[in-house]
2 protein chains.
Amino acid sequence: MATARTTDGSGAPVPQRLLATATRLFAEQGYDRTSVQEIVEAAGVTKGALYHYFGSKEDLLHEVYARMLRLQQERLDAFAGADEPVEVRLRAAAADVVVTTIANLDDAAIFFRSMHHLSPEKHKQVRAERRRYHERFRALIEEGQQSGVFSSATPADLVVDYHFGSVHHLSTWYRPDGPLSARQVADHLADLLMRALRP
Amino acid sequence: MATARTTDGSGAPVPQRLLATATRLFAEQGYDRTSVQEIVEAAGVTKGALYHYFGSKEDLLHEVYARMLRLQQERLDAFAGADEPVEVRLRAAAADVVVTTIANLDDAAIFFRSMHHLSPEKHKQVRAERRRYHERFRALIEEGQQSGVFSSATPADLVVDYHFGSVHHLSTWYRPDGPLSARQVADHLADLLMRALRP
DNA sequence: CTTGGCATACCGACCGGTTAGTCTGTGGGC
DNA sequence: GCCCACAGACTAACCGGTCGGTATGCCAAG
């Protein structure tokens, strides 16, 4: 057995446990309202352990962003690059980002709310990666507009912001124990987007 | 002249100046990263003045919410109650909330980002007022769906969240010095909503 | 098999700095 | 002479981060 078996609560390795605990607490209370002491207590370790694995409290936050950005970019690339008509690819990508966001609601809640807690360099880096994502999505819409399957009445940039506004908003209102499953919400939101883009 | 004329920078009365300064700083740096000392210095007074007019730092934040909620509710009531076909009323209300949000971008940036800094009672109160607003808006959509001018494919609740997601998102990407005026953005976003609702 | 040495993983008391809020003081208009 | 509107020094609490210390496992030498 590789990992030490001490008197901890859960069996997961310490770094992962710290990150998971921090993510939950950041989402529940916000970054500033969550003290390092609180995180280590909830994870069943002490500050020494945290600063052994992470350079700072901010590193913990940055990890949340890195994880989220990597995941979403990978999925978008997969959907956008598929061998399908553009309207199928866009719909799939638009619905998938909703499902993925709901599956990681804590990350989503943190994402926009805590961006300004990142140091200037990390903030810039996150914004740059975010922009790449945005542009990949926009390219899909422009492709459809140029080929005539989507209306060109609205600039593609605005359409992207329209859709991602609603995705971002999910963490405010969506509740897993509510009447709609993630899949149902995703289908509805993707439908709204596709209907808004009808020529 | 009623208001005292001391050596302050701007001529506005002290309470308003404090609130305006706090709003700007909260939007720029976040609630927690803004110290009371910073606010009073930027407003050209001292802590004594702030605590003379406001009970706590949180009261300042609550004022931002109260102002925003009052303004939006008033305007929605006016538009929704007009003597026009439902599609005209909805479009006007949907566009107006965009214009008003852009006119008060700082308030909007604070609104969703800092909600969890409110005490439980105030948080609850804000959520309740917010829900009233949401329901008024939803009623408009349901009215159109029942009379057949809007598609019923998507539950009205979801449509409201879809639209307000994009409104909420404005503070993230909209820049007053960008290529689009508030009116143009409002028209585009209202168009997207109306097109998504076409039967 | 045992022993010594070293690295990794973690502990927890401690520190400098910051914060929201308090309280006593004061000056000028009525 | 009184009181409203503020001034500004002060405090008690808390926070992120540090650092010397300890326990445990591994590997190589004897």
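Hydrogens, waters and symmetry mates play no part in the numbers below; they use all other heavy atoms, side chains included.
For the side-chain contact (heavy atoms from CB on, under 4.5 Å) test, residues two or more places apart in sequence or in another chain that qualify with A/Ser151 are A/Ala153, B/Arg195. Looking at residues two or more places apart in sequence or on another chain, you find no ring pair (Phe, Tyr, Trp, His ring centres under 6.0 Å) involving B/Tyr51. By the side-chain contact (heavy atoms from CB on, under 4.5 Å) test, B/Ser35 is found to be paired with B/Gln37, B/Glu38, residues two or more places apart in sequence or in another chain being considered.
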Could you list the protein-to-nucleotides 16-20 of chain C atom pairs, N/O on both sides, closer than 3.5 Å?
unit_1 : atom_1 : unit_2  : atom_2 : d
C/dA20 : OP1    : B/Lys57 : NZ     : 2.7
C/dA20 : OP2    : B/Val36 : N      : 2.9
C/dA20 : N7     : B/Lys47 : NZ     : 3.0

Identify the pairs formed between an N or O of the protein and an N or O of nucleotides 27-30 of chain C at a distance under 3.5 Å, and give each distance.
none

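In this structure, B/Arg130 is positioned above the aromatic face of B/Phe164, its NZ or CZ under 6.0 Å from the six-membered ring centre and within 45° of the axis. No cation-pi contact links A/Lys57 to A/Phe26, judged by a cut-off of 6.0 Å to the six-membered ring centre and 45° from its axis.
In this structure, B/Asp59 atom CG and C/dG21 atom P are separated by 9 Å, rounded to whole Å. For A/Ile39 and C/dC10, the CD1 to P distance is 16 Å, given to the nearest whole Å. Taking atom CG of residue B/Leu50 and atom C1' of nucleotide D/dG8, one finds them 14 Å apart after rounding to whole Å. In this structure, the CZ atom of A/Phe54 is 18 Å from the C1' atom of D/dT18, given to the nearest Å. Put simply, NE2 on A/His117 is 14 Å from C1' on D/dC15, counting in whole angstrom units.
Over its length, the helix from C/dC1-D/dG30 to C/dC30-D/dG1 turns its helix axis by 10°, as judged from the five terminal pairs at each end, rounded to 10°.
A salt bridge links A/Asp96 with A/Arg75: the distance from a Lys NZ or Arg NE/NH1/NH2 to an Asp or Glu carboxylate oxygen falls below 4.0 Å. Between A/Asp83 and A/Arg89, none of the side-chain N atoms (NZ, or NE/NH1/NH2) sits under 4.0 Å from a carboxylate O, so this pair counts as no salt bridge.
Between A/Arg113 and A/Ser171, the side chains place no donor N or O within less than 3.5 Å of an acceptor N or O (distance only, hydrogens not considered). B/His134 and B/Asp157 share a side-chain donor-acceptor pair at under 3.5 Å.
Within the 4.5 Å cutoff, no side-chain heavy atoms of A/Arg198 are placed close to those of A/Met194.
Close to C/dA9, at under 4.0 Å from its OP1 or OP2, lies a side-chain N or O of A/His52.
With B/Glu87 contributing its side chain and B/Val149 its backbone, the two residues share no donor-acceptor pair below 3.5 Å.
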